[in-house]
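For clarity, every value in this text was computed on a predicted model and none was experimentally measured.
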Amino acid sequence: QVQLVESGGGLVQAGGSLRVSCVFSGRTFSNYAMGWFRQAPGKEREFVAAITSDGSNTNYADSVKGRFTISRDNAKNTVYLQMDSLKPEDTAVYYCASKRALGLWTRTNFYDYWGQGTQVTVSA
């Protein structure tokens, strides 16, 4: 059974940076595409970024393109989301998700496993 554990969330001022991490366990990490999603209060969960199983390709939501960077370290079974130039509208619970597949996946219903989430709050 795959387990995902996020960490690194917190409170940051607008314009600041934060890196959240997600540790994967239970299966062979390098076989899994990974994604980051977020959910703000009263809103649906939305796609943020995705990365292929080998880390060679990435995809981003338009709202974070140029500010966020997804990466992975297959030796450490960890996927990261580096968030720069943060805005108050980035405030949300951030979730990582995994899918045993090739390619990039942007839809929540494509992913099989989810972490518990980590809160990111950006103050104005």
Side-chain angles (χ1 to χ4, degrees):
Q1 183 77 359
V2 170
Q3 289 188 325
L4 302 171
V5 179
E6 300 98 334
S7 63
L11 174 64
V12 63
Q13 289 186 333
S17 298
L18 205 60
R19 188 178 79 162
V20 291
S21 304
C22 172
V23 177
F24 175 106
S25 64
R27 291 290 185 271
T28 302
F29 182 54
S30 58
N31 290 337
Y32 285 75
M34 300 296 295
W36 283 99
F37 293 77
R38 66 187 182 187
Q39 189 166 17
K43 295 187 177 181
E44 292 188 352
R45 192 169 298 188
E46 65 175 5
F47 168 74
V48 174
I51 189 166
T52 52
S53 56
D54 64 356
S56 61
N57 286 291
T58 58
N59 190 20
Y60 298 91
D62 288 343
S63 59
V64 306
K65 202 170 292 183
R67 300 188 297 120
F68 289 12
T69 303
I70 187 172
S71 63
R72 65 190 294 160
D73 186 338
N74 283 357
K76 294 183 178 180
N77 289 358
T78 303
V79 62
Y80 305 96
L81 185 68
Q82 175 68 42
M83 302 180 288
D84 299 319
S85 302
L86 282 160
K87 305 175 181 180
E89 51 264 43
D90 294 319
T91 295
V93 177
Y94 283 71
Y95 299 90
C96 68
S98 66
K99 179 176 178 65
R100 192 180 192 281
L102 301 176
L104 293 166
W105 304 88
T106 63
R107 294 177 60 176
T108 56
N109 60 351
F110 284 159
Y111 285 87
D112 301 316
Y113 299 98
W114 293 82
Q116 83 290 348
T118 185
Q119 176 70 47
V120 172
T121 303
V122 184
S123 63

Inset, instruction - Nearest 0.5 Å please: distance from the CZ atom of F110 over to the CZ atom of F47. - result: 12.0 Å
Inset, instruction - Could you tell me whether the side chains of S17 and D84 share a donor-acceptor contact shorter than 3.5 Å? - result: yes
Inset, instruction - Side-chain contact test, heavy atoms from C-beta onward, threshold under 4.5 Å: evaluate it for R38 versus V120 and give yes or no. - result: no
Legend entry - Minimum-distance pair of heavy atoms, taken over all atoms of R100 and D112: N-OD2, 4.0 Å
Legend entry - Joint hydrophobic cluster, V79 plus Y113, side-chain heavy atoms closer than 4.5 Å: yes
Legend entry - Rounded distance (nearest 0.5 Å) linking atom CD of Q116 with atom OG of S7: 8.5 Å
Inset, instruction - Determine the interplanar angle of the F24 and Y32 rings, folded into 0 to 90°, and report it as parallel if under 30°, tilted if 30 to 60°, perpendicular if over 60°. - result: tilted
Legend entry - CA sep, side-chain torsions, deciding dist, call: E6, Y94, side chain to side chain contact (heavy atoms under 4.5 Å, CB included): CA-CA 8 Å; E6 300 98 334; Y94 283 71; over 6 Å; no
Inset, instruction - Could you tell me which non-hydrogen atom of A92 sits nearest to which non-hydrogen atom of A40, and how far apart they are? - result: CB-N, 3.8 Å
Inset, instruction - Please name the pair of heavy atoms, one in S30 and one in S53, separated by the smallest distance, quoted to 0.1 Å. - result: O-CB, 3.3 Å
Legend entry - Nearest-0.5 Å distance that lies between atom CZ in R45 and atom OH in Y111: 12.5 Å
Legend entry - Set of salt bridge (Lys or Arg N to Asp or Glu O under 4.0 Å) partners for K65, sequence neighbours left out: D62
Inset, instruction - Answer yes if W105 and L4 sit in the same cluster of Ile, Leu, Val, Met, Phe, Trp and Tyr residues linked by side chain heavy atoms under 4.5 Å apart, and no otherwise. - result: no
Inset, instruction - Could you tell me whether the side chain of T108 reaches within less than 4.5 Å of the side chain of E44, counting heavy atoms only? - result: no
Inset, instruction - Using the side chain to side chain contact (heavy atoms under 4.5 Å, CB included) rule, take V12 and M83 through it: C-alpha gap first, then chi angles, then the decisive distance, then the call. - result: CA-CA 11 Å; V12 63; M83 302 180 288; over 6 Å; no
Inset, instruction - State which residue, out of Y80, W36, Y95, fulfils the side-chain contact (heavy atoms from CB on, under 4.5 Å) condition with V20. - result: W36
Inset, instruction - State, to 0.1 Å, how close A33 and G103 come at their nearest heavy-atom pair, and which atoms those are. - result: CB-O, 3.6 Å
Legend entry - Residue pair Q119 / L11, side-chain heavy-atom distance below 4.5 Å: no
Legend entry - Straight-line distance of N57 CG to L104 CG, nearest 0.5 Å: 5.5 Å
Legend entry - F29: which of D73, N74, V2 passes side-chain contact (heavy atoms from CB on, under 4.5 Å): N74
Inset, instruction - First locate atom CD of E46, then atom OG of S63, and finally report the distance between them rounded to the nearest 0.5 Å. - result: 5.5 Å
Inset, instruction - Kindly say whether L102 contributes a backbone atom to a donor-acceptor pair with the side chain of D54 at under 3.5 angstrom? - result: no
Inset, instruction - Look at the side chain of R72 and the backbone N and O of T52, then say whether any donor-acceptor pair between them is shorter than 3.5 Å. - result: yes
Inset, instruction - Check whether any side-chain heavy atom of T69 sits under 4.5 Å from a side-chain heavy atom of Y60, and report yes or no. - result: yes
Inset, instruction - Tell me whether L18 is reachable from V64 by hopping between hydrophobic residues (I, L, V, M, F, W, Y) whose side-chain heavy atoms are closer than 4.5 Å. - result: yes
Inset, instruction - Would you give the length of the straight line joining atom CE of M34 to atom OG1 of T58, rounded to the nearest 0.5 angstrom? - result: 14.5 Å
